Structures are given as structure tokens and as C-alpha cells.
K.L.:
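I'd like to ask some things about the structure below.
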There are 2 protein chains.
Amino acid sequence: MIDVRMLCLAALMGHEASGYDIKKELEKGGSTGLVDASFGSIYPALARLAEDGLITARTEGGRGRTGKTIYAITAEGRAHFLKTLSGPIPEEKYRSPFLFAMLFADELPRERVRVMIDQQIAQWEEKIAAVEASRAAGPGGAGASFVFGFGEATLRAGLEFLKRHRRAVEMGARDAAPPAPTQYRAGDRPDAMTEPAAAAALRTP
Amino acid sequence: MIDVRMLCLAALMGHEASGYDIKKELEKGGSTGLVDASFGSIYPALARLAEDGLITARTEGGRGRTGKTIYAITAEGRAHFLKTLSGPIPEEKYRSPFLFAMLFADELPRERVRVMIDQQIAQWEEKIAAVEASRAAGPGGAGASFVFGFGEATLRAGLEFLKRHRRAVEMGARDAAPPAPTQYRAGDRPDAMTEPAAAAALRTP
DNA sequence: GCCCCGCTATATCGAACCGAAATATGGGCG
DNA sequence: CGCCCATATTTCGGTTCGATATAGCGGGGC
């Protein structure tokens with residue numbers, strides 16, 4: 001299981017850090033978007049890890065308000081981390097609000113769909129650039145190189161597919177103005193023929 | 001924002017359904033893994049949607065314990081759904097425990113890495129088959145076709161990349177037995193030279 | 001010199017969501 | 001007949017998010 005505690009241990013596998021450091025490394029680190037966690041979960045996680053002896057805490061600076069608490073992983077922490085990593089692997093999850101919206105592109109105004117696609121293209125191009133920067137930054141082990149390469153390969157494949165097929169999606173979108181959904185009179189249930197194809201897509205086995 | 005309420009509305013865009021139906025459609029529907037929600041969030045979401053007049057509730061069967069409550073989307077519900085879909089699109093999230101583990105492949109026993117990769121290949125091949133089945137099942141609108149095509153394209157790209165580069169990852173893995181992490185004597189902090197490359201990967205800008 | 005802004009750094013808290021168990025019932029199957 | 005499975009919903013503890021509060025410190029602009 002990959003909870004916030006595991007993410008913290010992962011970050012600390014390399015070097016000691018404060019909670020703030022960990023947050024930034026997670027959100028700006030290699031393969032951005034692969035991992036993340038909020039402060040609201042990182043700090044409690046670090047406290048529990050310290051309790052369990054998987055990490056040690058050291059305060060640096062006045063500790064009134066300024067000054068930080070720096071954590072370092074212990075030998076038990078390393079062992080626990082690698083042991084958990086070797087355990088059962090839960091299923092991956094890909095949550096894409098963009099793709100979700102595209103499922104209903106046929107019901108959305110064409111202009112809006114166009115903008116969404118443009119934004120998505122820009123976002124993916126940014127991510128590809130970030131991954132390439134990470135790859136160029138350091139040699140990294142075989143595992144890290146693989147993850148970077150994987151990210152780049154899939155991002156490129158998705159980007160290319162989007163560029164090649166965006167026209168079809170845009171053509172399928174609503175010609176007219178803002179959200180003008182298929183309307184049914186009260187008591188009128190849509191049957192198989194009138195059902196929007198997008199909703200059917202959610203259901204097909 | 002795509003919360004559970006939006007997922008319920010999406011499912012109801014096509015046809016009326018019970019909470020149980022919605023759950024199954026989400027987890028088995030097209031592009032499996034794109035969306036999901038638990039019962040513990042679906043039922044409260046449906047109750048709130050009914051309160052807000054975005055869906056209507058109808059009980060079917062005895063309603064003692066047997067019998068279900070069937071929900072149907074209203075005109076306001078449709079309008080609300082499409083309007084929200086047209087709103088700002090949050091960033092996508094890809095959480096892959098497998099890739100996360102691969103980041104640290106260099107610290108894991110080779111045999112374990114091999115098994116993980118085998119499982120991942122099998123999982124992706126299953127998903128590709130599922131997407132193809134969905135695609136073949138019905139024509140679907142332009143949007144849905146695009147999403148299916150996208151899923152297939154990226155899955156294939158990832159699968160191919162994994163098959164082509166798995167050997168490098170396996171070679172980088174620990175030759176020896178179970179989790180034998182790099183050990184540091186107490187008080188011995190790893191510096192840039194001894195830092196595991198995987199952890200560096202999390203940090204690289 | 002002063003003020004405002006942004007970065008560092010941590011804490012807090014309500015809301016959302018998950019995941020698993022509990023409950024109840026009807027149907028298939030050996 | 002008994003058992004397991006599918007349907008259908010509720011409940012609940014635990015995790016995580018996301019936003020807000022607090023506070024010192026360094027730098028840019030005027």
C-alpha cells in the first residue's frame with residue numbers, strides 16, 4: 001500500500017529533509033504527477049513514523065516559530081520501506097478530468113471542446129519537457145531511467161493521438177451555443193435510441 | 001470538479017439506475033479505471049442530488065429490505081452536469097504503485113522485480129482487451145470513440161515500452177536475496193555519492 | 001528606511017472519500 | 001435442504017485533501 005507514510009519514506013531514502021522539503025520534492029520531483037501529498041497528511045505521517053522508530057527527528061534553529069524539524073530515515077525505516085514495496089501491488093488509477101469531459105464532448109459546445117483540447121496539449125507538452133529535464137539532470141539508476149522513459153513514451157503517444165484525432169472530436173461537438181443538452185419532456189424517459197452515446201460508453205462491458 | 005456527485009450524474013445521463021447499478025457501471029464501464037467510486041460515497045451523493053432537485057427518486061418493489069430506489073436525472077440535472085463539465089478542468093492524476101516501485105527497482109531483489117513486471121504486463125493486456133471490447137460493443141459518439149482510442153494507444157505504448165526495457169530494469173535490480181538495502185552505520189549520513197539513484201529521481205527538478 | 005510581498009515552515013480542521021463490514025433477501029445448484 | 005452468490009443499501013473508522021492561520025525572514029520598490 002502506498003500511503004503518505006510510504007511517500008515520506010521514499011523521499012527520505014535519499015537524504016534527510018523537513019516536511020516542507022518533502023512536499024516540494026514530491027510535487028516537483030521526477031515524473032511529476034506520479035506522486036503527491038498535502039501538508040495536512042505529510043506532517044501527521046512524519047509524526048507517526050517517528051513514533052514507530054522508522055525515522056528520527058532533529059530540530060534545527062530556534063524552534064520558536066522559525067527553525068525546522070528535520071527527519072532522517074533509520075535502518076528499520078529502510079527495511080520497512082523495501083519490504084512494503086515488495087508486497088502486493090494495488091491497481092493503478094488514472095483520473096483524468098479531461099478524458100472524462102471528452103466522454104461527453106458530443107454534448108458540449110464545440111468552442112469549449114477546442115479550448116479544452118488546446119489546454120491539454122499544452123499541459124502534456126509541459127510534462128514531456130519536465131520529464132526530459134529530469135532525465136537529462138542525472139544518470140539515475142536503471143529503475144528511475146525506466147520510469148522516466150515510460151512517462152515520456154506514454155505522454156508522447158497520448159499527445160500524438162490527441163493531435164491526430166482532435167478534429168473528429170470537435171466535429172462531433174455541439175454546433176450551437178452553450179450547454180444545450182438533449183431535452184426530454186417531463187415523464188419522457190430516454191430509450192436506447194435517444195440515449196446519448198457518451199453515457200452508453202460508461203456502461204459498455 | 002469531478003466528485004462523486006458528478007460521476008453519478010454522468011451515469012444517469014444515459015438512463016435511470018439504482019445506486020448499485022451506478023457503482024457497477026462505473027467500475028465495469030468503458031475505459032475501466034478511468035472512474036470509480038465506493039458505495040460509501042455514492043449513496044450519500046445520490047441523496048444530496050435528490051435534495052437539490054438534480055435527480056428524482058422512485059422506489060421499486062416492497063421497499064422493506066428488498067426493492068430498490070431508482071434515480072433519474074432531471075432537466076436541471078443535465079444542465080448542471082454540462083455546465084460543470086464546461087468549467088475549469090483540474091489536473092489529471094496518475095497513481096501507479098507499479099511505477100512507484102520501479103523507481104526503487106535497484107534496491108529490490110531481482111526475482112521480485114521480475115514478478116512485478118509480469119503482473120503489470122498481464123494487467124495491461126487485460127485492460128487493452130477490455131477497451132477493445134468496449135469499442136467493438138457499440139459505435140458510440142465521437143467523444144467516446146476518442147477516449148477509447150486514447151486509452152488503447154497509451155496502453156499499447158506503455159506495454160511495448162515495458163516489454164522492450166524490462167531487461168534493463170531487471171539487470172539493475174539486486175542480485176542477492178530479499179530486501180538487503182544499502183546500510184549505513186548509525187550517524188553515517190549518505191552523501192551525494194552513496195545516495196540511491198532512485199531517491200534522487202524523486203528530487204530532480 | 002519602510003512597507004509589502006513572497007518564500008519558508010508548521011499546525012489545524014471540516015469535508016470528501018475509501019474500504020470493509022453489517023444487514024437483508026432471493027435464486028441457483030449440488 | 002443448505003450454501004454460496006448476486007442484489008441493494010447502510011454504517012463507520014480511518015485517510016487524505018484543501019484551505020486557512022500563524023509567523024519569521026529576505027528582497028524589491030519608492
Side-chain angles (χ1 to χ4, degrees), chain A residues 1-12 16-28 33-52 55 57-71 84 88 90-93 95 97 100 205, chain B residues 1-9 11-12 16-28 33 35-52 55 57-71 84 88 90-93 95 97 100 205:
Chain A
M1 197 209 347
I2 306 196
D3 51 13
V4 178
R5 297 177 66 202
M6 281 293 284
L7 292 183
C8 290
L9 286 178
L12 294 174
E16 51 179 30
S18 69
Y20 188 79
D21 293 333
I22 291 174
K23 164 74 173 158
K24 288 206 314 179
E25 288 181 17
L26 290 182
E27 73 187 10
K28 295 188 178 177
L34 232 191
V35 292
D36 199 14
S38 65
F39 288 125
S41 50
I42 287 177
Y43 285 108
L46 287 172
R48 270 197 55 197
L49 286 170
E51 266 181 48
D52 298 350
I55 61 177
R58 166 171 66 87
T59 56
E60 190 173 82
R63 194 54 175 107
R65 227 347 156 163
T66 170
K68 45 186 167 181
T69 307
I70 294 181
Y71 299 93
T84 305
E91 266 212 68
E92 60 185 358
K93 288 180 186 175
R95 292 298 123 89
F100 180 75
Chain B
M1 197 210 346
I2 305 197
D3 50 14
V4 178
R5 296 177 66 203
M6 281 293 284
L7 293 183
C8 291
L9 287 177
L12 294 174
E16 50 180 29
S18 69
Y20 188 80
D21 292 333
I22 291 175
K23 164 76 172 157
K24 287 206 315 182
E25 289 182 15
L26 290 181
E27 72 187 11
K28 295 187 178 175
V35 292
D36 199 13
S38 65
F39 288 125
S41 50
I42 287 178
Y43 283 106
L46 288 172
R48 271 196 56 195
L49 286 170
E51 265 182 50
D52 297 350
I55 63 177
R58 167 171 66 88
T59 57
E60 191 173 80
R63 194 57 176 101
R65 222 355 152 160
T66 170
K68 46 184 166 181
T69 306
I70 295 181
Y71 298 92
T84 305
E91 268 212 67
E92 60 185 359
K93 288 180 186 173
R95 292 299 124 90
F100 180 75

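Throughout, protein chains are lettered first and strands after them, A, B, ... in sequence-line order, and every chain is numbered starting at 1. Below, all heavy atoms of this structure are taken into account, side chains as well, without hydrogens, waters or symmetry copies. What you see is a predicted model; the values in this text were computed from it and never measured.
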K.L.:
Quick one, A:D21 and A:E16 - any side-chain contact, counting heavy atoms below 4.5 Å?
P.N.:
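They are not in contact (no side-chain heavy atoms under 4.5 Å apart), so the answer is no.
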K.L.:
Are side-chain heavy atoms of B:L46 and B:T69 found at a separation under 4.5 Å?
P.N.:
no
K.L.:
To the nearest angstrom, how far is A:I2 atom CD1 from C:dC18 atom C1'?
P.N.:
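That distance rounds to 16 Å.
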K.L.:
Over all strands shown, is A:G19 touching base, sugar-phosphate only, or nothing at heavy-atom distances under 4.0 angstrom?
P.N.:
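Sugar-phosphate, backbone atoms only, no base.
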K.L.:
Can you measure A:L26 atom CG to D:dC17 atom P for me and round it to whole angstrom units?
P.N.:
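That distance rounds to 10 Å.
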K.L.:
Let me know, please, whether A:D21 or B:V4 comes out on the 5' side of the other along DNA chain C by nearest nucleotide.
P.N.:
A:D21
K.L.:
At under 4.0 Å between heavy atoms, what does A:S18 touch on the DNA or RNA strands: base, sugar-phosphate, or nothing?
P.N.:
sugar-phosphate
K.L.:
Does A:K23 reach a base, just sugar-phosphate, or nothing at all? Heavy atoms under 4.0 Å.
P.N.:
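Contact class for A:K23: none.
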K.L.:
Any side-chain N or O of B:K24 below 4.0 angstrom from OP1/OP2 of D:dA8?
P.N.:
no
K.L.:
Rounded to whole angstroms, how far apart are CD1 on A:I42 and P on D:dA19?
P.N.:
15 Å
K.L.:
I need the CD1-P distance between A:I22 and C:dA9, as an integer number of Å.
P.N.:
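That distance rounds to 12 Å.
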K.L.:
Of the candidate nucleotides D:dT9, C:dC18, D:dT16, which contains the atom at the shortest distance from the side chain of A:D3?
P.N.:
D:dT16
K.L.:
Check the pair A:D52 / A:R5 against salt bridge (Lys or Arg N to Asp or Glu O under 4.0 Å), numbers first and verdict last.
P.N.:
CA-CA 11 Å; A:D52 298 350; A:R5 297 177 66 202; 2.8 Å; yes
K.L.:
Taking any heavy-atom pair under 4.0 Å as a contact, classify B:S38: base, sugar-phosphate, or nothing.
P.N.:
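Base contact.
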K.L.:
Could you give the CZ-to-P distance, from A:F39 to C:dC13, as a whole number of Å?
P.N.:
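The answer, rounded to whole Å, is 18 Å.
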K.L.:
Can you tell me if A:S41 touches the phosphate of D:dT15, counting only side-chain N or O atoms and a distance under 4.0 Å to OP1 or OP2?
P.N.:
no
K.L.:
C:dT10 P sits how many Å from A:Y71 OH, rounded?
P.N.:
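Going from OH in A:Y71 over to P in C:dT10 covers 7 Å.
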K.L.:
Taking the side chain as C-beta and beyond, is there a heavy-atom pair between A:V35 and A:I2 under 4.5 Å?
P.N.:
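Not in contact.
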K.L.:
Looking at every strand, decide which applies to B:R5 at a 4.0 Å heavy-atom threshold: base, sugar-phosphate, or nothing.
P.N.:
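Nothing: the residue B:R5, judged by heavy atoms under 4.0 Å, touches no strand.
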K.L.:
Taking only side-chain N and O atoms of B:Y43, does any of them lie within less than 4.0 angstrom of OP1 or OP2 on D:dT9?
P.N.:
yes
K.L.:
Can you tell me how far P of C:dT8 sits from NZ of A:K68, to the nearest Å?
P.N.:
10 Å
K.L.:
Mind checking whether B:K23 and B:L26 have side chains closer than 4.5 Å, heavy atoms only?
P.N.:
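They are not in side-chain contact.
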K.L.:
Looking at D:dT16, C:dA9, C:dC18, which one has an atom nearest to any side-chain atom of A:Y20?
P.N.:
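So the nucleotide nearest the side chain must be C:dA9.
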K.L.:
Nearest whole Å is fine: how far is D:dC17 P from A:R95 CZ?
P.N.:
14 Å
